[in-house]
Amino acid sequence: MKIGLLALQGAVGPHAEILASIGATTVEIRRPAELDDVDALVIPGGESTTMARLLVTSGLFDPLIERLASGMCAMGTCAGMIMLASTVLDGRPDQRSLAAIDIGVRRNAFGRQIDSFECPLEVSGLTGTFPGVFIRAPFVEEVGSGVSVGATVEDHPVLCSTEQILVTAFHPELTDDQRVHRMFLEMVEQ
Ligand code: GLN
């Protein structure tokens, strides 16, 4: 099982560490050919407008759309969630997304005053709470059919999934809690 980490922009290091700690092999992806031998992909946090632009200029956008269309699993955190969403609200007018999960995501949705915060989350399928680390985070405003909401903050969905895609508005890779990444590996293994 080899997990690709999209490494065009943003913080891939913490994802690599947490995935290694639960036994997954990871490889950084910057070029289309590197996509060929990965079983799944993680898109990290960062800046979705920049990441979207780099996806196009690197030539990765279309091959990635193809892999996702043929069923490759992907996980996206924060900017990664925005990249995988079907609709981006408050994005740049020309901002493209991969539309792998039918959700409408608003960028920087928690506002500037509460730019970054931490709060315990109840996540379906996990016992106890999960430490939610939010950094200029989006939240989900539209949830399409076939999408499950696994966690909310003040009724706003912050973790959504299908059988193929897992997205979080928060950063599980910046905690010691491996359970969201384990959830993703279980999806990949199925
Ligand atoms: N606000 C960023 C964006 O719109 C996401 C922030 C993050 O990934 N921590 O892309």
Side-chain angles (χ1 to χ4, degrees), residues 3-19 26 28-30 40-58 60-61 64-65 68 73-121 123 130-143 149-154 156-161 165-181 183-184:
I3 311 291
L5 300 174
L6 187 67
L8 296 173
Q9 194 271 335
V12 289
H15 279 291
E17 279 172 34
I18 202 161
L19 286 164
T26 59
E28 295 191 358
I29 307 289
R30 293 188 186 79
L41 186 74
V42 172
I43 306 184
E47 177 47 55
S48 62
T49 53
T50 309
M51 217 185 280
R53 192 164 39 76
L54 293 174
L55 260 191
V56 175
T57 55
S58 64
L60 269 167
F61 194 92
L64 196 44
I65 293 264
L68 291 166
C73 287
M75 170 176 178
T77 58
C78 202
M81 169 191 246
I82 298 168
M83 295 301 308
L84 287 165
S86 53
T87 306
V88 179
L89 306 160
D90 284 343
R92 279 172 49 119
D94 60 347
Q95 183 168 349
R96 294 177 74 186
S97 67
L98 296 159
I101 180 167
D102 187 9
I103 52 175
V105 177
R106 187 170 299 281
R107 293 181 59 227
N108 304 322
F110 289 99
R112 289 190 190 281
Q113 276 74 19
I114 42 162
D115 213 49
S116 301
F117 61 96
E118 293 188 29
C119 71
L121 299 172
V123 176
F130 189 91
V133 176
F134 292 82
I135 305 171
R136 292 184 302 283
F139 61 59
V140 175
E141 284 193 2
E142 299 155 7
V143 179
V149 173
T152 57
V153 170
E154 290 164 0
H156 304 298
V158 293
L159 183 154
C160 289
S161 62
I165 307 291
L166 174 65
V167 287
T168 64
F170 53 97
H171 291 272
E173 76 282 10
L174 298 182
T175 71
D176 297 330
D177 197 323
Q178 304 155 325
R179 290 178 296 166
V180 171
H181 285 80
M183 231 185 246
F184 179 59

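When a ligand or atom number is given, it counts from 1 through the structure's own listing order.
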**Request:** Determine whether E17 and E173 make a side-chain contact, defined as any pair of heavy atoms from C-beta on separated by less than 4.5 Å.
**Result:** no
**Request:** Could you list the atoms of ligand 1 found under 4.0 angstrom from a heavy atom of I82?
**Result:** 3 (C), 4 (O), 10 (O)
**Asked** Between M81 and V158, which heavy-atom pair has the shortest distance, and what is it?
**Response** CE-O, 3.9 Å
**Message:** Taking the side chain as everything from C-beta on, heavy atoms only, tell me whether L68 gets closer than 4.5 Å to L84.
**Reply:** yes
**Item:** Ligand-residue contact atoms, ligand 1 with E47, heavy atoms, under 4.0 Å
**Value:** 2 (C), 3 (C), 4 (O), 10 (O)
**Fill in**
Ranking L174, N108, T49 by closest non-hydrogen atom to atom 1 (N) of ligand 1, top hit is N108
**Prompt:** ligand 1 versus R107, non-hydrogen atoms closer than 4.0 Å: side chain, backbone, both, neither?
**Reply:** side chain
**Asked** Any N/O of A79 closer than 3.5 Å to an N/O of ligand 1?
**Response** yes
**Request:** Report yes if some heavy atom in the side chain of F170 is under 4.5 Å from a heavy atom in the side chain of V153; otherwise report no.
**Result:** no
**Message:** Could you tell me if H156 and E154 have a donor-acceptor pair between their side chains, going purely by distance under 3.5 Å?
**Reply:** no
**Request:** From the options G91, C78, A109, select the one whose nearest heavy atom is closest to atom 7 (C) of ligand 1.
**Result:** C78
**Message:** With heavy-atom distances below 4.0 Å as the criterion, list the atoms of ligand 1 near G45.
**Reply:** 8 (O)
**Prompt:** Taking only heavy atoms of G46, which atoms of ligand 1 are found under 4.0 Å from at least one of them?
**Reply:** 2 (C), 5 (C), 6 (C), 7 (C), 8 (O), 10 (O)
**Request:** Show your working on side chain to side chain contact (heavy atoms under 4.5 Å, CB included) between I3 and M75 and close with a plain yes or no.
**Result:** CA-CA 10 Å; I3 311 291; M75 170 176 178; over 6 Å; no
**Complete:** Per side-chain contact (heavy atoms from CB on, under 4.5 Å), L6 is matched among V42, V12, L55 by L55
**Prompt:** Taking all atoms of both residues into account, what is the closest heavy-atom pair of S97 and I82, and its distance?
**Reply:** CB-O, 3.7 Å
**Request:** Enumerate the atoms of ligand 1 whose separation from the nearest heavy atom of S48 is less than 4.0 angstrom.
**Result:** 3 (C), 4 (O), 10 (O)
**Asked** Taking both backbone and side-chain atoms of R136, is any N or O found less than 3.5 Å from an N or O belonging to ligand 1?
**Response** yes
**Request:** Determine whether any heavy atom of H171 lies closer than 4.0 Å to an atom of ligand 1.
**Result:** yes
